[in-house]
There are 2 protein chains.
Amino acid sequence: MTLKGVKPFSFITMDVMLCYNVRTCINLKVNQNMHNTKHNQVKEAIQSWILEGKVAPRQKIKSENEMVEIFGVSRHTVRQAIGDLVHEGWLYREQGRGTFCSDRTLSDQKPNKLIGIITTYISDYIFPSIIRGAESYLNSKGYSILLASTNNNVKEEKACLQTILNKNIDGLIIEPTKSALYNENLNYYLGLEANNTPYVMINAYYPQLQSPSLTVNDEQGGHMAAEHLIHLGHRRIIGFFKTDDLQGLHRMQGFLRAHREHRVTIDPELIVPFNTEEKEEKPKEALRRILRMKSEKPTAVFCYNDEIALNILDVVREQQLKVPEDLSIVGYDDSHFAQASEVKLTSVKHPKMVMGETAAQVLIEAIQEKGREIEPVVFQPELIVRSSTRKIE
Amino acid sequence: MTLKGVKPFSFITMDVMLCYNVRTCINLKVNQNMHNTKHNQVKEAIQSWILEGKVAPRQKIKSENEMVEIFGVSRHTVRQAIGDLVHEGWLYREQGRGTFCSDRTLSDQKPNKLIGIITTYISDYIFPSIIRGAESYLNSKGYSILLASTNNNVKEEKACLQTILNKNIDGLIIEPTKSALYNENLNYYLGLEANNTPYVMINAYYPQLQSPSLTVNDEQGGHMAAEHLIHLGHRRIIGFFKTDDLQGLHRMQGFLRAHREHRVTIDPELIVPFNTEEKEEKPKEALRRILRMKSEKPTAVFCYNDEIALNILDVVREQQLKVPEDLSIVGYDDSHFAQASEVKLTSVKHPKMVMGETAAQVLIEAIQEKGREIEPVVFQPELIVRSSTRKIE
DNA sequence: CGGCTTCATATGTACGTACAACTTTTATTT
DNA sequence: AAATAAAAGTTGTACGTACATATGAAGCCG
């Protein structure tokens, strides 16, 4: 009874001899693992295929049943051998497809089943949805989540990156800080790549870095919102845009493009940029100022997001105006806020939970299949028309 | 044919059902890893012995044949489960002697600077504040955060506890699931204590377990809200209470006590209990029903939280009533929502970020000063009076 | 008592069968 | 030609058996 396909050893014949051999070896603490069990011989045979280059990484090896024939052993024994090699990282199995040689080029780190997530704000109104989407997917895959937030502050981002990268994570989902500006933490991302740790950026990306990202087509979102208002007959539309992240700039681009395409001239007075620190007061004051102006009154407002829209609504009430009769308003994000007020906001909707989930998904794929490129995903927004906008003459 | 020693699931009976269940779940990308294979159930059972402290390090666990009897599965299956756990470092085997629990304390003694946080909902409107409070404090102390959410579901809580406890955390902040009901995961908390890992509960606690907790005095909050309305002259006050967590029950208690103290009789028709699953529709329908009734109309409403209050506001508008002229409304939590609408809600405010921060603080103290008892903290709520309540005759 | 065997019990190896779950290929139908 | 169904191939789970090997305790005996 011999293991057919293997050269060096035969079974029973060597068995007795080797028993003594092994026993003496044990004292020397050498080759203790080299029991000449059948599954170990099969294991070594497979291993030699890999080492000798007979199978390349990602290439399918012989099926279990073929090996049963080749080695003349039971399937159980073959599975035992393969199982060991899978645990040791030589192979991976895919049900229904086969067993494959893994790419052990730079791996060799025990999987921690740990994913880092860095967001700008934890308590802001839409990020929890994104986190939740990622959380539910990752949890279902047995991964844990390491969470940190940067408060849209580059220094804090640096601190987050440092603490999280110390934890030997398998992957990272990050919403970059102030993406419109130059970021001094680029080195950390380059380090991630050098370390072969996959990462995805959500909501934004650094143009300098060609990093995989999931984004919403904000240019189109801004375009949709503006076009909606223009189609309703509005010609003087105020636009509030946050300009320290790319999302705001893109929304503004789309907003302007819609105006150009429909040959609506833009009054620069009506374009109000602001940054994170000014979000509470600047848009409100700008609106009051614009309403005081002698020139032709604006008839519509596009807001960077629903939160700003609600602030704007406060000013509208204070000025005794009515929505949508006197002023149409379009928000962005389609958050809880959009339906909280007496005026149900027309808003640009985009996937939130799904984005988190997708981020998690592509990340896990990149982890499981080392070396696989993460392809950028762009989500298309959708305009949800409610009662805050109306047609005018 | 059932896996005897394990409570929750039975095999073949569930097997076929779950096949389909799993298949549908896959589309939802949920729980894909939680195959309910027999060897996985056995594995989890053994793992829980360890986590719950039923077997100490270096102690022998039940033999394979005993487990065959206990679980009613084949030896092959038991070996598969044990094999996995050996690979993952939970157990080690010695031929002829038995299988033993490995001593994982010695191996990774180094402080991990890792704190687990388990909440019910991540995306719900006030929890992000709590998480953020904890996050900012912990980050400043150089700790990282491991996050998971239970969706207020006991089964998911179990899964969270298992994955997080695998990660060798230094401490745990947990918001318990459905605290008004009996919880089957108590063993895990006892295991934490046995393992000398400090933990704090927030928002709720299990009376059975004498666990350290941070809570809001919800009884007083309910009392304040009701007393405020009674002082304003209201005598028929509707109360919406969530009754599957302790917070809701406490708010109800305080609400009732205020009525008793001021000798205001309570119409049972006006007390509306609901649970998590019914929160969207039941309160709204109840209000419509009450307003249709022939009896004397109620003049005020107390809502379990601001989210419910906003739903109620929708019904109020639909019925063409005015707030506060026709109906006074008091909310709870003083969330963003309280100021989102045209009616600025009177609401019961409690510390949110501060609670998260305090939880983190006491936990870190308990970690640094081993053996120190964590003293329970009760936060006092505060009534923020806005324009949704008014005096009546 | 010390040393030996024997026996019960534990894990380790190896064989076998059957069916489930998944993927890919082929054949069939529309 | 495209959509659909069936078949074949592959890994995954689970049952069973048998015997090998290692340990520890009980019993035997010089």
Side-chain angles (χ1 to χ4, degrees), chain A residues 1-3 9 11-12 14-16 18-20 22-23 26 32-43 46 59-87 91-101, chain B residues 1-3 9-12 14-27 32-43 46 59-69 71-87 91-100:
Chain A
M1 195 200 204
T2 342
L3 196 144
F9 299 107
F11 275 139
I12 301 299
M14 299 290 286
D15 228 22
V16 186
L18 279 177
C19 278
Y20 286 93
V22 166
R23 191 168 284 179
I26 282 174
Q32 192 174 350
N33 69 326
M34 199 191 149
H35 302 298
N36 248 26
T37 57
K38 286 196 188 178
H39 75 256
N40 262 323
Q41 290 195 36
V42 173
K43 185 177 158 186
I46 299 171
Q59 193 188 325
K60 185 169 167 300
I61 67 170
K62 297 240 182 295
S63 81
E64 294 179 357
N65 281 322
E66 282 175 307
M67 288 199 238
V68 166
E69 288 297 318
I70 291 171
F71 297 115
V73 296
S74 72
R75 185 168 161 230
H76 178 88
T77 306
V78 172
R79 277 187 72 75
Q80 209 169 345
I82 294 177
D84 275 9
L85 290 169
V86 167
H87 271 295
L91 303 173
Y92 61 96
R93 300 196 257 215
E94 289 187 27
Q95 183 169 356
R97 281 173 34 88
T99 307
F100 303 83
C101 179
Chain B
M1 194 200 204
T2 345
L3 197 143
F9 297 105
S10 59
F11 274 139
I12 301 302
M14 299 290 287
D15 228 22
V16 185
M17 288 171 54
L18 278 178
C19 283
Y20 287 92
N21 240 331
V22 166
R23 190 169 284 179
T24 53
C25 278
I26 283 174
N27 295 330
Q32 197 173 342
N33 74 322
M34 201 194 153
H35 302 299
N36 252 21
T37 57
K38 289 194 187 180
H39 74 257
N40 261 323
Q41 290 194 38
V42 172
K43 184 178 160 187
I46 298 173
Q59 192 188 324
K60 183 169 167 298
I61 69 169
K62 297 235 182 298
S63 80
E64 293 178 358
N65 282 320
E66 280 174 307
M67 287 199 239
V68 166
E69 286 297 316
F71 297 117
V73 297
S74 70
R75 182 164 164 234
H76 178 88
T77 307
V78 172
R79 278 187 70 77
Q80 209 169 344
I82 294 177
D84 275 9
L85 291 168
V86 168
H87 271 293
L91 304 173
Y92 60 94
R93 301 195 255 213
E94 288 186 28
Q95 186 170 356
R97 284 181 19 98
T99 307
F100 303 84

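Lettering of chains follows the sequences in order, A, B, ..., and the numbering in each one begins at 1.
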TODO: Using atom CZ of A:R75 as one end and atom C1' of C:dA20 as the other, report the distance to the nearest whole Å.
DONE: 11 Å
Open item on the list: Quick one: does any side-chain atom of B:E66 pair with a main-chain N or O of B:S63 as donor and acceptor, under 3.5 Å?
Closed with: yes
Task: B:I82 vs B:M67 side-chain heavy atoms within contact, under 4.5 Å - done: yes
TODO: Specify the separation, in whole Å, of atom NE2 of B:H39 and atom C1' of C:dA21.
DONE: 14 Å
- [ ] Tell me which nucleotide among D:dA14, C:dT11, D:dT13 gets nearest to the side chain of B:S74.
- [x] D:dA14
- [ ] Among D:dT11, C:dG12, D:dA14, find the nucleotide with the atom closest to the side chain of B:Q95.
- [x] C:dG12
Open item on the list: Nearest heavy atom decides the nucleotide; on that basis, is A:H76 or A:I82 closer to the 5' end of DNA chain D?
Closed with: A:I82
TODO: Send over the distance from B:Q80 CD to D:dG12 P, rounded to a whole Å.
DONE: 10 Å
Expected list for residues 71-79 of chain A: side-chain donor-acceptor pairs under 3.5 angstrom, two or more places apart:
| unit_1 | atom_1 | unit_2 | atom_2 | d |
| --- | --- | --- | --- | --- |
| A:S74 | OG | A:T77 | N | 3.3 |
| A:S74 | OG | A:T77 | OG1 | 3.0 |
| A:R75 | NE | A:E64 | OE1 | 2.6 |
| A:R75 | NH2 | A:E64 | OE1 | 3.0 |
| A:R79 | NH1 | A:E64 | OE2 | 2.9 |

Do any N or O atoms of the protein come closer than 3.5 Å to N or O atoms of nucleotides 4-9 of chain D, and which pairs are they?
| unit_1 | atom_1 | unit_2 | atom_2 | d |
| --- | --- | --- | --- | --- |
| D:dG9 | N2 | A:G96 | O | 3.4 |

Task: Euclidean distance, A:H39 NE2 relative to A:I46 CD1, rounded to 0.5 Å - done: 11.0 Å
Task: Candidates D:dA14, D:dA22, D:dG12 - which lies nearest the side chain of B:T37 - done: D:dA14
Open item on the list: Is any side-chain heavy atom of A:H87 closer than 4.5 Å to one of A:D84?
Closed with: no
Open item on the list: Return the CG to CG distance between A:L85 and A:L91, rounded to the nearest 0.5 Å.
Closed with: 5.0 Å
- [ ] Find the distance A:L91:CG to D:dG12:P and express it as a whole number of Å.
- [x] 11 Å
TODO: Rounded off to whole Å, could you give me the CD1-to-C1' distance for the A:I46 and D:dT11 pair?
DONE: 14 Å
TODO: In whole angstrom, give the distance that lies between atom NZ of A:K43 and atom P of C:dT13.
DONE: 10 Å
TODO: For the side chain of B:T77, starting at C-beta, report the closest nucleotide among D:dC15, D:dT13, D:dT11.
DONE: D:dC15
Task: Separation of atom CD in B:E69 from atom P in D:dC15, rounded to whole Å - done: 13 Å
Task: Spacing between B:N40 atom CG and D:dG12 atom C1', to the nearest angstrom - done: 12 Å
TODO: Just compare D:dC15, D:dT13, C:dT13 and give me whichever is closest to any side-chain atom of B:K38.
DONE: D:dC15
Task: Nucleotide nearest B:R79 when distance is taken to its side chain, options C:dC15, D:dC15, C:dT13 - done: C:dT13
Open item on the list: For D:dG12 and A:R93 - does any side-chain N or O of the residue sit under 4.0 Å from the phosphate oxygens OP1/OP2?
Closed with: yes
Task: B:Q95: side chain to side chain contact (heavy atoms under 4.5 Å, CB included) partners, not counting sequence neighbours - done: none
